[in-house]
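Before any comments, here is the structure.
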Number of protein chains: 2
Amino acid sequence: MSVVSLEPSAALSISAVEQETGLSKDVLRVWERRYGFPCPQRNTYGERVYPDEQVLKLRLVRRLLDRGLRPGRLLPMSTEELGVLMDQSIGEATPLPVEHDLAMYLVKTHQTSELRRELSQAVVRDGLYRFVTQTCGPLLQLVGEAWMRGEIRVFEEHLFTEQVQAVLRGAIAQISGPAGTPRVLLSTLPGEQHGLGLLMAEAVFSLEGAECVSLGLQTPIGDLAAAALAKQADLLALSFSGNFPANQMLESLSLLRAALPPQIGLWCGGMGPERARRLPRGVFCLSGLQGIGPALEEWRDARSRATLTP
Amino acid sequence: MSVVSLEPSAALSISAVEQETGLSKDVLRVWERRYGFPCPQRNTYGERVYPDEQVLKLRLVRRLLDRGLRPGRLLPMSTEELGVLMDQSIGEATPLPVEHDLAMYLVKTHQTSELRRELSQAVVRDGLYRFVTQTCGPLLQLVGEAWMRGEIRVFEEHLFTEQVQAVLRGAIAQISGPAGTPRVLLSTLPGEQHGLGLLMAEAVFSLEGAECVSLGLQTPIGDLAAAALAKQADLLALSFSGNFPANQMLESLSLLRAALPPQIGLWCGGMGPERARRLPRGVFCLSGLQGIGPALEEWRDARSRATLTP
DNA sequence: GACGCTCATTTGTCCAGGACAAAACGTTGA
DNA sequence: TCAACGTTTTGTCCTGGACAAATGAGCGTC
């Protein structure tokens, strides 16, 4: 009945592995039956006990699954082969501008206040738009990749996130005016843990003259539709990180499109939708933060045309 | 294979109920076997389909479980009887100051910018300390209770949370100095979704002259220990909402206490620990936000005594 | 009355292995 | 390039039995 994982190098129960890897118990068992991996030992009571290396491999598999690879192909491979695949899909480490190098250094040495100062300076120096698109976005990606390569730990990513969030929220508070068109409702779907993408989008939307109403993270679908109506939003914008399960994203977008009145636009952005082949009808995919400006322009054009020629 | 919950009044699959209620599939099935509740219908494929009312009742049961009651007693009861129990454990609805009434009205009518203005004014008028302890805290509880009674919807709570968060973060940014004693690391455990408690604590800690480093929500246990060492924290402060599973809280706190060097204090606060009978040795429970000041004072006393008489 | 012990009961998790829908894939034809 | 269709892969759900851990009750001791 003990559930939680404990000592550093202890072997884990099936529940603990479920938590660690995000793979359900059913999946862990059925993989073992079908592919022969994982092949946990058993304790005295016949319960599965997963050695650390297998958990590591499972985590790798999980990441590659999220990138569209399939279990039947991945599970027979060795940990090394999986590592190679992973490197390929991450791509070459891009050469860094100096300031990004500095930021990564500050993250790795936990110099949070210095990091925040650098970021704040960058906002003032470059302006919010360039800060978001050229500093924030790339940095976020760098940190994410460094985490995947195991170069930084979770808490270091958290420290980084907090600093960026503080700077961004401060900047947004300054520029957001009371009114504007269109009125944009921002949020993420349940399960999405990452909020920086949303915050960056809010910054750019505000800069482009839209009125932003953020619901924060993880709003249930029904509530998104209800909120859009209640706040009389023109657009509903959703942010997806790269880890968000692709199936769930597509399914939820379909449901949401159906639940939403047709005149309310449904836009989405982030690593999730950019990797998707095709989105449901009536769902618009923003191509990066830079795509927000042109998209808004087009929306306003269409709107004024519709108003002028009824 | 379809998983996600959908239309407003649709009945839910076992996976959806697991997500909604936090009760595992195994538990849902074994309760049905043992107590005859829940008693879901079946779809064409023989899969369980849970009507809304049963999900509602399960949610109630879940809450009461977290308060120390036991399944064998709760499950045979009717929804009404459970409601009575719930009311008892919530306590009488406290009479509201007028300003809280106004805030609740603004929440229910989705007047977000008005709400934010009111909150900002309150900060300036009453000072941050009184704002946090006398406005923010009680309001948060009111909103939570209103949600439990079904008076407000999830998205309305989200809108509220965003406004409070914005105001709090703005205020914290202004007061937080670079140094101070003790150095406090703040976060929540994985699974904790609510961040306002943490933010309020950060505000009070900062006001009391401590140096705050926030890790944001949901930091894994191992990373909390690592972060405390890396940032040379004096205290690790964790926030728990009332929904957080009591068992998990106690178990995690034990683990954490063991993983942390003894000279680093482990403090916790929020609805979770306040209801707990007894916490693990070496874990200190803050009694509300007002408890932070005295606790810090005592910590500083103990510290200076230890330094003076080595 | 506080504490420690044992024993019975309650409760959550785990297991096995079968079943089946939905997603992904591959092929064909327009 | 796209649509339609059969095949394979894959995740989730099912049943019902087993058992350890948590809880509570009863009892004796300090």
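So that the names make sense, note that chain A is the first sequence line, chain B the second, and so on, each numbered from 1. The model shown is predicted, which means the values in this text are computed figures rather than measured ones.
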Rounded at 0.5 Å granularity, tell me how far OG in S15(A) sits from CD in E47(A). 9.0 Å
Whole angstroms only, please: what is the CG-C1' distance between L69(B) and dG12(C)? 17 Å
For the pair made of CG in D26(A) and P in dA16(C), what is the distance, rounded to whole Å? 12 Å
Phosphate OP1/OP2 of dT10(D) contacted by R34(A) side-chain N/O (<4.0 Å): no
How about F240(A) and C268(A): do any of their side-chain heavy atoms sit closer than 4.5 Å? yes
Are there more than 12 heavy atoms of other residues, nucleotides or ligands under 6.0 Å from atom CD of E298(B)? no
Within the 3.5 Å criterion, strictly below it, is a donor on Q193(A) or S241(A) matched to an acceptor on the partner's side chain? no
One would report the end-axis bend of the helix from dG1(C)-dC30(D) to dA30(C)-dT1(D), five pairs per end and rounded to 10 degrees, as 50°
Within the 4.0 Å heavy-atom criterion, would you say R48(A) contacts the bases, only the backbone, or no part of the nucleic acid? sugar-phosphate
Starting at the 5' end of DNA chain C and moving along, which residue's nearest nucleotide shows up first, R70(B) or R70(A)? R70(B)
Atom CZ of R42(A) and atom P of dC19(D): how far apart are they, to the nearest Å? 15 Å
Over all strands shown, is R33(A) touching base, sugar-phosphate only, or nothing at heavy-atom distances under 4.0 angstrom? base
Taking only the side-chain nitrogens and oxygens of R29(A), find out if one of them lies under 4.0 Å from OP1 or OP2 of dT10(D). no
To the nearest Å, give me how far apart CD (E18(A)) and C1' (dT13(C)) are. 11 Å
Under 4.0 Å between a side-chain N or O of S15(A) and OP1 or OP2 of dC14(C)? yes
In whole angstrom, give the distance that lies between atom CG of L58(A) and atom P of dG11(D). 12 Å
Check whether any side-chain nitrogen or oxygen of K25(A) sits under 4.0 Å from OP1 or OP2 of dC14(C), and answer yes or no. yes
N or O in side chain of S24(B) less than 4.0 angstrom from dG12(C) OP1/OP2: no
Scan R73(B) against the nucleic acid and name what it touches under 4.0 Å (heavy atoms): base, sugar-phosphate only, or nothing. nothing
Ignoring backbone atoms, establish whether Y35(B) has a side-chain N or O less than 4.0 Å from OP1 or OP2 of dT11(C). yes
Side chain to side chain donor-acceptor pair (under 3.5 Å) involving Q263(B) - partner list, sequence neighbours excluded: none
Spacing of N43(B) atom CG relative to dA21(C) atom P, expressed in whole Å: 10 Å
Give the rounded distance in Å between these two atoms: CH2 of W31(B) and C1' of dG12(C). 10 Å
Spacing between I14(B) atom CD1 and dC14(D) atom C1', to the nearest angstrom: 9 Å
Below 4.0 angstrom, N of the basic side chain to O of the carboxylate: do K25(A) and E18(B) qualify? no
Please determine if R305(B) forms a cation-pi arrangement with W299(B), meaning its NZ or CZ atom is less than 6.0 Å from the six-membered ring centre and no more than 45° off the ring axis. no
Looking only at heavy atoms, the pair that brings E20(A) and L12(A) closest together is CG-CD1, 3.9 Å
